[in-house]
A.B. asks: 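Sharing a structure below in structure tokens format, with a few things to ask.
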Amino acid sequence: MTKRLRIDGERLVRRIAEFATIGGTAAGGVNRQAFSMEDREARGKLADLALSRGLKVTQDQAANLFIAFPGREHEKPVLIGSHLDSQPSGGRFDGALGSLAAFEVIETIADAGLDYSLPIELVIWSNEEGSRYAPGTMGSRAFADGSLPKDIETLKDGEGKPLSSEIAATLAALPEVSVVGLGKPIAAYLELHIEQGPILEAENVEIGAVSSIQGTRWFDVRIQGETGHAGTTPLTSRRDALATLIQSLAELQATIMPRDADARFTVGRIAVEPASINAIPAVATANIDIRHPSTEYLDTIEELLQSTLNKYARSNGCTAHLDRIFDMPPAEFDPEIVSCIEEAAIELGFSVKRMVSGAFHDALSVQPLAPSAMIFVPCRNGISHNEKEFVEPVNCVAGAATLLQSTLNAITKIARLHETEVQTGNQKKMGTAL
Ligand code: GLV
Ligand code: MN
Ligand code: MN
């Protein structure tokens, strides 16, 4: 029997700590938002590590970063990776764990001088979070669509910086790394991520084999009223945009999640104009995030948002506009790749369970292109998008080991499938994703 390839757990844990200093916050988290100086520094650090090992590094027009074995970079790879950008008060593991574990897989294979029937390539997707420039999973969507976001020239961050110039500056920050076109054929995609929820920890399970992701929709809400004097305008004459928003949101909060345990409703951002202490708000805006495993339920929630906003707008003499700015339908991962993950976890002696992801991930954009799936590891108290986010080192190492083994299992499975195809002359395809 051949000796099993082992990742270097200490190197991985050290790297996670090193990268956490880039954009590190006083509370132990990170603020490394997409295309920021900190994001550029983290990408640069990884690119330097790869270049110093003689690996081939490229970036595409959406600032996705690729690390490949030289000589095999033109073959259809099994792509592994995640993202290095973070929430404004994010944790040190969301995205970084999967990215650095994927690099650990590449280094382990390079250290062992091994080669496989399919090349393994690493990807760092740009702007997964979408907190600075919505929507999230921007880089992987551009890769999958073969085109940049349509609003790249007009989209600005909170400080008025245009997306197009921030992407250009991010690309320019790596002058030694050539820029390639968007998208290319891939054989499969695997991503390791922290669960960002409480299930694995509560059930004392070491590895999640993610078989699907629930759907997400994001909305811009705009209530238009009229400003007026805070002290002199009686209730009957007020067209208060914020009062309308608050009344609508209070009703939606009391309805959507209490009625359905699978539904999620979050208001992450609110603003008013003219934002003066003694002036009635003329405009109130908000961002809403809704999630559900079923598209029909997402439709139902969206209708409820619209009707509730309209109801309170009417009763307050205001108007309400609801714009859907992001729609990520629920998706099923490829059952064969999910089995590769389960088998890998069992081979390595880890407990494993199939699960649905509550968060969206880049794997969702990539899965229409090639058989894909994700590996989850538990995080403390299920906390994420929070500086307190924490993954035990032993779980980071277990996740990386499972990523390596499931990638190798996927290569074996794909090679076997190709042999069968050649033998039967069939166009048999793997799982459901192709
Ligand atoms: C990803 O960051 C998400 O919001 O699910
Ligand atoms: Mn993430
Ligand atoms: Mn995140």
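First listed ligand is number 1; within each ligand, the first listed atom is number 1. Numbers here simply count residues along the sequence, with the first being 1.
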A.B. asks: In terms of atom number and element, which parts of ligand 1 are under 4.0 angstrom from non-hydrogen atoms of Ala359?
C.D. replies: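 That gives atoms 5 (O) of ligand 1.
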
A.B. asks: May I ask you to test the Ile124-Leu46 pair for a side-chain heavy-atom distance under 4.5 Å?
C.D. replies: yes

A.B. asks: Give yes or no for whether the N/O distance cutoff of 3.5 Å, strictly under, is met between Phe360 and ligand 1.
C.D. replies: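 Looking only at distances, the answer is yes, because the N/O contact criterion of under 3.5 Å is met.
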
A.B. asks: Judged by atom type as modelled, is there a donor-acceptor pair below 3.5 Å linking the side chain of Ser294 to the main-chain atoms of Glu296?
C.D. replies: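 Yes, because the side chain of Ser294 sits within donor-acceptor range (under 3.5 Å) of the backbone of Glu296.
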
A.B. asks: Is the Mn ion (ligand 2) under 2.8 Å from any N, O or S atom of His83?
C.D. replies: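 It does; at least one qualifying atom falls short of 2.8 Å.
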
A.B. asks: Is there a donor-acceptor pair closer than 3.5 Å between any side-chain N or O of Thr137 and the backbone N or O of Arg141?
C.D. replies: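 No, because the side chain of Thr137 does not come within donor-acceptor range (under 3.5 Å) of the backbone of Arg141.
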
A.B. asks: Under a 4.5 Å cut-off applied to non-hydrogen side-chain atoms, are Leu404 and Ile109 in contact?
C.D. replies: yes

A.B. asks: Without swapping roles, check the side chain of Arg72 against the backbone of Tyr116 for a donor-acceptor pair under 3.5 Å.
C.D. replies: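 Yes; at least one donor-acceptor contact below 3.5 Å.
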
A.B. asks: Please confirm whether Asp94 comes within less than 3.5 Å of ligand 1 when only nitrogen or oxygen atoms on both sides are compared.
C.D. replies: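 No; every N/O pair is 3.5 Å or more apart.
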
A.B. asks: Going by side-chain hydrogen bond (donor to acceptor under 3.5 Å, both in side chains), Asp362 matches just one of Ser140, Ser372, Ser82. Which one?
C.D. replies: Ser140

A.B. asks: Out of Leu309, Ile223, Thr308, which residue meets the side chain to side chain contact (heavy atoms under 4.5 Å, CB included) rule with Leu322?
C.D. replies: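 Output: one option passes, namely Leu309.
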
A.B. asks: If you measure from atom 5 (O) of ligand 1 to every heavy atom of Arg291, His361, Gln87, which option wins on shortest distance?
C.D. replies: Arg291

A.B. asks: Could you check atom 2 (O) of ligand 1 against the protein and tell me its nearest heavy-atom contact, residue, atom and distance included?
C.D. replies: Glu129 OE1, 3.0 Å

A.B. asks: Please indicate whether any nitrogen or oxygen in His385 is less than 3.5 Å from any nitrogen or oxygen in ligand 1.
C.D. replies: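 Checking ligand 1 against His385, an N or O pair does fall under 3.5 Å apart.
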
A.B. asks: At a 4.0 Å threshold, what atoms of ligand 1 neighbour a non-hydrogen atom of Glu128?
C.D. replies: 1 (C), 2 (O)

A.B. asks: At the Mn ion (ligand 3), what is the angle formed between atom OD2 of Asp94 and atom OE2 of Glu129, rounded to the nearest 10°?
C.D. replies: 80°

A.B. asks: Please state whether the separation between the Mn ion (ligand 3) and some N/O/S atom of His385 is under 2.8 Å?
C.D. replies: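 Yes, His385 qualifies, because one of its backbone or side-chain N, O or S atoms lies under 2.8 Å.
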
